[in-house]
Amino acid sequence: MVRAAIPTATGRARSAPLGFAAGGAVGVLGGMIGLGGAEFRLPLLIGLFGFAALSAVILNKAMSLVVVLTALPARLAAVSFTDLGAHGAVALNLLAGSLLGAWAGASWAVRMRSATLYRVLAVLMAAMAAALVLTHTTALGSLSLSLSLPLPVRVVAGVVAGFGIGVVAAIMGVAGGELLIPTIVLLYGIDIKVAGSLSLLVSLPTMLVAFARYSRDGSFAVLGANLRFTAIMASGSIAGALLGGLLLGTVPETVLIPALAAILLISATKVAHHAHPDGGAVHRPPRLR
């Protein structure tokens with residue numbers, strides 16, 4: 001019996017079960033900490049499946065979008081619309097910056113040399129590891145700035161923070177919850193459970209803007225060429241996230257968080273090694289006119 005094969009950007013073939021299993025592993029890791037886990041999927045797309053940096057980012061963005069759309073109903077069911085509506089201004093404040101940041105980040109990504117993009121991704125993965133540790137080892141509520149900052153300053157800070165998060169989410173192809181949730185808690189003093197749902201309301205339109213910008217570049221063709229692979233890995237991520245949610249709390253955070261941070265740092269090192277010393281000529285389809 002011949003296994004179904006998935007072509008990748010480098011011409012390698014990977015089995016459908018491997019794609020599903022890899023997505024599932026990412027989903028479990030993310031589900032165990034209440035996130036989507038896209039930051040763990042990106043290095044797999046580059047290192048295991050052999051996609052070039054920009055292609056990996058675009059595929060990661062597509063899968064992240066599917067995962068967020070799947071998670072949104074469940075998160076909205078967990079938090080009432082009344083609670084979310086009370087904080088609608090917070091979402092709009094962050095969106096004012098994140099939508100611009102998403103467009104800018106995607107624009108920068110498609111213009112970067114491959115070597116530069118690999119290095120940027122490596123730095124951002126290391127930053128994500130630091131954010132992961134900070135978020136899960138610090139009582140964020142006790143650090144809230146919501147009472148110490150005047151409203152105009154907080155609004156400006158929200159736009160600036162949103163812009164930065166939009167840039168990072170677009171360049172890495174992630175939803176950005178790892179950054180949005182602590183920002184919402186710290187800047188606005190909102191309960192972390194409500195912040196998790198609010199982050200999805202911000203990340204979804206932010207991702208759509210980045211996705212729209214990537215669709216204007218010739219490299220977006222990688223999605224059409226690997227649509228089956230994307231669907232299989234995204235399905236694995238969704239299934240893994242459900243399993244990870246069931247396993248939530250089974251592994252102590254004192255063990256889990258340092259282990260996940262170490263995985264991100266090791267992945268960052270490996271991704272950085274993909275940056276070629278020749279200046280990183282861009283190897284992707286010509287830009288669409």
Side-chain angles (χ1 to χ4, degrees), residues 30-39 64-65 67-102 104-105 124 127-172 174-210 241 245 248 253 257 260:
M32 290 178 72
I33 55 174
L35 297 170
E39 65 274 21
S64 297
L65 186 57
V67 172
V68 167
L69 285 171
T70 304
L72 191 58
R75 289 306 297 256
L76 291 180
V79 178
S80 70
F81 283 102
T82 302
D83 288 338
L84 289 178
H87 302 294
V90 171
L92 292 176
N93 188 187
L94 290 168
L95 279 169
S98 68
L99 297 180
L100 292 173
L124 291 179
M128 284 291 188
L132 181 66
V133 172
L134 178 65
T135 302
H136 288 82
T137 59
T138 305
L140 295 178
S142 65
L143 301 177
S144 175
L145 302 173
S146 59
L147 297 178
S148 59
L149 292 178
L151 180 59
V153 175
R154 193 160 68 246
V155 169
V156 172
V159 173
V160 172
F163 182 87
I165 292 169
V167 169
V168 172
I171 291 178
M172 292 188 73
V174 301
E178 303 87 338
L179 302 175
L180 277 169
I181 293 173
T183 297
I184 292 171
V185 173
L186 288 171
L187 196 56
Y188 305 99
I190 295 174
D191 176 75
I192 193 165
K193 182 179 179 181
V194 177
S197 295
L198 274 177
S199 73
L200 290 179
L201 295 182
V202 175
S203 63
L204 182 56
T206 301
M207 293 171 71
L208 289 173
V209 167
L248 191 65
E253 285 202 347
I257 299 305
L260 294 181

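With sequence neighbours left out, the side chain to side chain contact (heavy atoms under 4.5 Å, CB included) criterion links I165 to L179, L180, T183. In terms of the side chain to side chain contact (heavy atoms under 4.5 Å, CB included) criterion, residue partners of V155 (sequence neighbours excluded) are, by chain and number, N93, L151. In this structure I33 satisfies the side chain to side chain contact (heavy atoms under 4.5 Å, CB included) test together with L35, L132, H136, L256, I257, L260, sequence neighbours excluded. Residues passing the side chain to side chain contact (heavy atoms under 4.5 Å, CB included) test with S98, sequence neighbours excluded: L95, V202, T206.
In plain terms, the two heavy atoms of S203 and A175 that are nearest each other are CB-O, 3.1 Å. In this structure, L94 and G158 approach most closely via the heavy-atom pair CD2-O, 3.5 Å. Residues L84 and S197 approach most closely at CD2-CB, 3.7 Å, considering heavy atoms. Closest heavy-atom contact between F163 and A104: CZ-CB, 4.1 Å. Residues A170 and A102 approach most closely at CB-O, 3.4 Å, considering heavy atoms.
Residue S199 holds its OG atom at 11.0 Å from CG of L204, rounded to the nearest 0.5 Å. To the nearest 0.5 Å, atom CE of residue M172 and atom CD of residue E39 are 6.5 Å apart. Atom NE2 of H87 and atom CD1 of I190 lie 4.5 Å apart (nearest 0.5 Å). Atom CG in L201 sits 10.0 Å away from atom CG in L92 (nearest 0.5 Å).
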Test side chain to side chain contact (heavy atoms under 4.5 Å, CB included) on V194 and Y188; report intermediate values, then the result. CA-CA 11 Å; V194 177; Y188 305 99; over 6 Å; no
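Under the 4.5 Å side-chain criterion, counting only non-hydrogen atoms from C-beta, V68 is in contact with L200. At least one side-chain heavy atom of V174 sits under 4.5 Å from a side-chain heavy atom of M128.
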